[in-house]
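Beneath this line is the structure, given in structure tokens, with notes to follow.
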Amino acid sequence: MGAVVIVSGLPGVGKTTVVDLAMDMLRNEGIKVGLVNYGTVMLEAAKEMGLVSHRDEMRKLKVSQQLELQRQAAKKISKLSRNYDVLLVDTHLFISTPRGKWPGLSINNLQFLDIAQIIVVEASPTEILKRRMSDKTRYRDMADEESLRKDIEYNRMLAATLSIYTSCPVAYIPNHEGEAEAAAKMLYEILSRMVRDIGHS
Ligand code: ATP
Ligand code: AMP
Ligand code: MG
């Protein structure tokens, strides 16, 4: 089974942007790296079941439905990880549901995933707000700087908890305005080090 790397961060912080850039750098190293977006795997199943038509509708489903989609996705991701030395999983440590913050990784799905590294992509509340507003492909929740500050803190608490549960290091990657390439380089360097540490085929 390949090593799973969790790439997390608040919605709109730039996870997908940074991870896409880092993939090109990692592939040039001869490491068999894969990339999967957890939400996309859930969305395929949710669409087949006729539950939603857009990824941003999933967090409004009943928690019981999200739990089932989340569990199915973990099993698929676990199977996929067998094809790689390293599989990057673009996901969230919590999802804002109408019932409150719900964990993206918990006993429901962690049992299927062999996690080797946790990455948290971060930016300031002002930067996140600006990115959410400029991205017209998404239906993002309204937020203000104060609530984002609390969400950043909560995300850090979850990262620390996940670190204890998995015995994995957590690396924080700042993704400042116009500096996605620099963030990708930092991610690439951490993952190269991780591969040297755990070895690859
Ligand atoms: P989600 O969790 O909702 O999928 P995300 O964390 O994957 O969000 P992205 O979709 O990668 O976020 O980025 C959100 C928006 O911010 C996009 O329009 C992207 O182009 C922009 N963006 C990402 N990183 C930067 C950066 N360093 N500077 C400026 N804009 C950025
Ligand atoms: P994203 O494109 O990364 O924002 O993901 C889209 C949606 O997928 C999120 O808003 C959540 O509804 C769902 N999602 C992503 N990762 C997880 C996860 N680990 N657990 C549950 N739902 C998730
Ligand atoms: Mg994304």
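Just follow the structure's listing: the first ligand is 1, and inside any ligand the first atom is 1. Note that these values count all heavy atoms, side chains included, but never hydrogens, waters or copies made by symmetry.
- By the 4.5 Å heavy-atom criterion applied to side chains, V7 and V89 are not counted as neighbours.
- For the residue pair R55 and T40, a side-chain donor N or O sits within less than 3.5 Å of a side-chain acceptor on the partner.
- Inspection of the T97 and Q66 side chains reveals no N or O donor paired with an N or O acceptor under 3.5 Å.
- In terms of protein heavy-atom proximity, atom 7 (O) of ligand 1 is nearest to T16 OG1, 2.8 Å.
- Heavy-atom contacts of R138 reach the following atoms of ligand 1: 1 (P), 3 (O), 4 (O) (cutoff under 4.0 Å).
- Of all heavy-atom pairs spanning R132 and P11, the tightest one is NE-O, 2.8 Å.
- Considering OG of S8 and NE2 of H92, their distance stands at 9.5 Å, rounded to 0.5 Å.
- Inclusion of S134 in the set of residues having an N or O under 3.5 Å from an N or O of ligand 1 is not warranted.
- Residue P103 has no N or O atom closer than 3.5 Å to an N or O atom of ligand 2.
- When hydrogens are left out, the protein atom nearest atom 18 (O) of ligand 1 is D135 CB, 3.8 Å; that is the closest non-hydrogen contact.
- Contacts between Q70 and ligand 2, counted as non-hydrogen atom pairs separated by less than 4.0 Å, involve the side chain only.
- Within 6.0 Å of atom NZ in K76, more than 12 heavy atoms from other residues, nucleotides or ligands are found, so the atom counts as buried in its surroundings.
- Proximity to M58 (heavy-atom distance under 4.0 Å) selects the following atoms of ligand 2: 7 (C), 8 (O), 12 (O), 13 (C).
- One N or O on the side chain of Q70 and one on the backbone of G104 form a donor-acceptor pair closer than 3.5 Å.
- Nearest non-hydrogen protein atom to atom 24 (N) of ligand 1 is N175 ND2, 3.1 Å.
- Heavy-atom proximity to H92, at under 4.0 Å, picks out these atoms of ligand 1: 2 (O).
- In the vicinity of T17, heavy-atom distances shorter than 4.0 Å reach the ligand 1 atoms 9 (P), 11 (O), 13 (O), 19 (C), 23 (C).
- Salt-bridge annotation for R140 and D56: absent, with no side-chain N of the basic residue lying under 4.0 Å from a carboxylate O of the acidic one.
- Between K130 and E177, at least one side-chain N (NZ, or NE/NH1/NH2) sits under 4.0 Å from a carboxylate O, which counts as a salt bridge.
- With a heavy-atom cut-off of 4.0 Å, Q66 does not touch ligand 2 at all.
- Distances between N or O atoms of T91 and those of ligand 2 include at least one value under 3.5 Å.
- Against a heavy-atom cut-off of under 4.0 Å, W102 is close to the following atoms of ligand 2: 21 (C), 22 (N).
- The pair R193-E189 does not meet the salt-bridge criterion, since no charged nitrogen lies less than 4.0 angstrom from a carboxylate oxygen.
- Counting heavy atoms of neighbouring residues, nucleotides and ligands inside a 6.0 Å radius, atom CZ of R138 exceeds 12 of them.
- Assignment of I95 to the shell around ligand 2 is supported, since a heavy atom sits closer than 4.0 Å.
- Residue contacts with ligand 2, taken as heavy atom pairs separated by less than 4.0 Å, do not involve K15 at all.
- Every atom of ligand 1 with a heavy atom of A180 under 4.0 Å away is listed here by number and element: 27 (N).
- Note on E153 versus K150: no salt bridge recorded, every NZ/NE/NH1/NH2 to OD/OE distance being 4.0 Å or above.
- Contacts of N37 with ligand 2, taken as heavy-atom pairs under 4.0 Å, involve the side chain alone.
- Side-chain contact between Q111 and R71: present, with at least one pair of heavy atoms (C-beta onward) separated by less than 4.5 Å.
- When hydrogens are left out, the protein atom nearest atom 22 (N) of ligand 1 is R131 CD, 3.7 Å; that is the closest non-hydrogen contact.
- The distance from ligand 1 to the heavy atoms of G178 drops below 4.0 Å at these ligand atoms: 26 (C), 27 (N), 28 (N), 29 (C).
- For atom 12 (O) of ligand 1, the nearest non-hydrogen atom of the protein is G14 N, 3.2 Å.
- Taking only non-hydrogen atoms, the option from R140, R138, R55, H92 nearest to atom 3 (O) of ligand 2 is H92.
- Judged by distance alone, the side chain of S106 and the main-chain N or O of P103 form no donor-acceptor pair under 3.5 Å.
- For atom 10 (O) of ligand 2, the closest non-hydrogen atom of the protein is R59 NH1, 3.5 Å.
- For atom 29 (C) of ligand 1, the closest non-hydrogen atom of the protein is E177 OE2, 3.3 Å.
- When only interatomic distances are considered, the shortest N/O to N/O separation between K15 and ligand 1 falls below 3.5 Å.
- Near H176, meaning under 4.0 Å from one of its heavy atoms, ligand 1 places the atoms 26 (C), 27 (N), 28 (N).
- Protein heavy atom at the shortest distance from atom 1 (P) of ligand 1 is R140 NH1, 3.5 Å.
- Within the 3.5 Å criterion, the main-chain N or O of A74 finds no donor-acceptor partner in the side chain of S78.
- Here N37 does not reach the Mg ion (ligand 3): none of its N/O/S atoms is less than 2.8 Å from the metal.
- In L10, the part holding a heavy atom less than 4.0 Å from any atom of ligand 1 is the backbone.
- Listed by atom number, the atoms of ligand 2 under 4.0 Å from M42 heavy atoms are 14 (N), 21 (C), 22 (N), 23 (C).
- Among protein heavy atoms, atom 8 (O) of ligand 1 sits closest to G12 N, 2.9 Å.
- D141 and K60 are joined by a salt bridge, as a carboxylate oxygen and a charged side-chain nitrogen come within less than 4.0 angstrom of each other.
- A donor-acceptor pair is defined here as one N or O able to donate and one able to accept, closer than 3.5 Å; no such pair exists between the side chain of K15 and the backbone of G12.
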